[in-house]
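Throughout, residue positions are numbered sequentially from 1 according to the sequence presented. Side-chain atoms are counted along with the backbone in the values below, which use heavy atoms only and exclude waters and symmetry mates.
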Amino acid sequence: MSIKWKVKKLEVCESTFTEARNMPAWSVVSSVRQNKGRGRFNRAWYGEEGGLWANYNLPIDPKSKRPWGLMPLVAGVALIDTLEAYRIQGLRLRWPNDLLVKRNKLAGILVERPAQDMVSVGIGVNVYNNLVKLQGVTTDVPVRLVDLIPATCPTVDTLRDHLAKELYKTFTDFIDNGSAPILKRLEQAWGPSLPVVAITDTERICGFFSGIESDGSPILRKADGTFITVPAISINRLKELV
């Protein structure tokens, strides 16, 4: 790694987020199993043995002008770069925090800010874990890394450390150069433009996903050919319609 991460590996915990709160920046907390993992909006996240369940703590300057709302996308770029070497067909990001293979969900990302000078990036990846408990209880059909690349699938710890290296590179690029390199990389990571609906507290906005603004807000192409930017902060969920 380009920096010496402090790694704490647990056999079991409620949530790696809880454990990571007590760790400094440049720490990684991973657990073999999670009993009370969570996703966006406190949705349940199932952390069975065989998957990567980890939190990466990163330092931030509270006085910096960087748009910290882009951090899930920074992490998404690092995750897709980590897996790019395995040549997985159909690998793509879905705004704002999912990694898919075609229509199936391989990984999820959640970012929290436990302190003014630190963000904690939670990443869960289905690697070797049994998916039985996920059947019928998740919106997306799950997929495991071992089923996609059975001959070259890395161990969970190897994947954790490789991701730490890529996250360091992507994060420092973001700190040094702003959002431009992240946005350029994301242009290649979304996959084909798909019809979506952005659901807010007051309306449902339909269109074709066409990328994001510099603050991370999605841009939709409407049926009449015009474009609309939906403020990221207002979106409860962005759902693909195919």
Side-chain angles (χ1 to χ4, degrees), residues 5-58 71-83 86 88 91-94 96-101 103-114 118-150 153-167 237:
W5 289 82
K6 179 179 177 61
V7 178
K8 180 179 181 180
K9 182 177 179 180
L10 304 168
E11 285 299 313
V12 62
C13 70
E14 289 193 350
S15 168
T16 53
F17 269 108
T18 303
E19 301 292 333
R21 285 180 175 275
N22 300 317
M23 301 290 288
W26 300 121
S27 295
V28 184
V29 179
S30 67
S31 185
V32 175
R33 289 182 292 115
Q34 287 188 120
N35 291 332
K36 294 182 179 180
R38 65 181 186 277
R40 292 185 78 210
F41 307 114
N42 283 318
R43 298 188 184 104
W45 183 276
Y46 296 86
E48 296 294 312
E49 182 174 358
L52 173 64
W53 324 119
N55 269 74
Y56 299 80
N57 286 346
L58 299 168
M71 280 307 301
L73 303 179
V74 172
V77 169
L79 184 53
I80 208 166
D81 285 350
T82 299
L83 297 174
Y86 297 102
I88 300 170
L91 188 68
R92 65 186 179 94
L93 292 176
R94 179 176 63 191
N97 65 334
D98 290 329
L99 184 72
L100 306 183
V101 178
R103 292 287 298 157
N104 297 337
K105 186 170 178 177
L106 178 62
I109 299 164
L110 182 64
V111 177
E112 294 184 351
R113 192 169 174 176
M118 188 172 76
V119 292
S120 191
V121 179
I123 298 178
V125 185
N126 296 318
V127 186
Y128 296 94
N129 49 305
N130 191 322
L131 300 180
V132 171
K133 286 190 175 181
L134 299 180
Q135 302 301 324
V137 299
T138 59
T139 303
D140 301 300
V141 177
V143 65
R144 302 184 305 175
L145 195 58
V146 69
D147 296 324
L148 299 168
I149 49 170
C153 188
T155 67
V156 173
D157 288 353
T158 297
L159 181 63
R160 178 198 64 204
D161 294 345
H162 188 181
L163 179 53
K165 181 189 296 186
E166 292 297 335
L167 190 56
R237 187 180 179 195

Mind checking salt bridge (charged side-chain N to carboxylate O under 4.0 Å, His left out) for [X] and listing every partner two or more places apart, or none if nothing turns up?
X	answer
R94	D98, D140
K6	none
R103	E240

Worked check of side-chain contact (heavy atoms from CB on, under 4.5 Å) between V127 and C153
CA-CA 8 Å; V127 186; C153 188; 3.8 Å; yes
With rounding to the nearest 0.5 Å, note down the distance linking [atom1] in [X] to [atom2] in [Y].
X	Y	atom1	atom2	answer
N129	L52	CG	CG	10.0 Å
R92	L100	CZ	CG	4.5 Å
D157	H162	CG	NE2	14.5 Å

Kindly say whether L145 contributes a backbone atom to a donor-acceptor pair with the side chain of Y128 at under 3.5 angstrom?
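Pair absent, no side-chain N/O of Y128 close to backbone of L145.
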Check whether W53 reaches the backbone of S15 with its side chain - one donor and one acceptor, N or O, closer than 3.5 Å.
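Such a contact is absent between W53 side chain and S15 backbone.
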What about Y56 and W5, are their ring centers closer than 6.0 Å?
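Yes.
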Considering only heavy atoms from C-beta outward, does the side chain of V121 approach that of L110 to under 4.5 Å?
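Result no, sub-4.5 Å side-chain heavy-atom pair not found.
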Residues which pass side-chain contact (heavy atoms from CB on, under 4.5 Å) with [X], listed by chain and number, not counting sequence neighbours:
X	result
Y86	L83, I88, I149, T152, P154
N104	V141, V143
V119	L58, I60, M71, V111, R113
R33	V12, N35, E49

Please find the pair of heavy atoms, one from [X] and one from [Y], that lie closest to each other, and give the distance.
X	Y	result
V32	K9	CG2-CE, 4.0 Å
E19	V29	CB-CG1, 3.7 Å
M118	A25	SD-N, 3.5 Å
F17	E112	CD2-OE1, 3.5 Å
A20	S120	CB-OG, 3.7 Å

How would you list, by chain and number, every residue that makes a side chain to side chain donor-acceptor pair (under 3.5 Å) with S30, sequence neighbours excluded?
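S30 satisfies side chain to side chain donor-acceptor pair (under 3.5 Å) with R160 once adjacent residues are dropped.
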Kindly write out the residues that satisfy side chain to side chain donor-acceptor pair (under 3.5 Å) with T82, not counting sequence neighbours, or none if the list is empty.
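Residues passing side chain to side chain donor-acceptor pair (under 3.5 Å) with T82: none at all.
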Dump the intermediate steps for side-chain contact (heavy atoms from CB on, under 4.5 Å) on L106 and L91, then the final yes or no.
CA-CA 9 Å; L106 178 62; L91 188 68; 4.3 Å; yes
Could you check whether Q34 and T16, counting side-chain N and O atoms only, form a donor-acceptor pair closer than 3.5 Å?
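Yes, a side-chain donor-acceptor pair sits under 3.5 Å.
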When you check the side-chain N and O atoms of N57 and S27, is any donor under 3.5 Å from an acceptor?
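Per modelled atom types, N57 and S27 side chains form no pair under 3.5 Å.
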Testing L99, I123, L73 for side chain to side chain contact (heavy atoms under 4.5 Å, CB included) with I109, which one passes?
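Exactly one candidate clears the test, I123.
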Check the pair N126 / L131 against side-chain contact (heavy atoms from CB on, under 4.5 Å), numbers first and verdict last.
CA-CA 8 Å; N126 296 318; L131 300 180; 4.0 Å; yes
Going through the checks in order, is the side-chain contact (heavy atoms from CB on, under 4.5 Å) test met by N55 and R21?
CA-CA 10 Å; N55 269 74; R21 285 180 175 275; over 6 Å; no
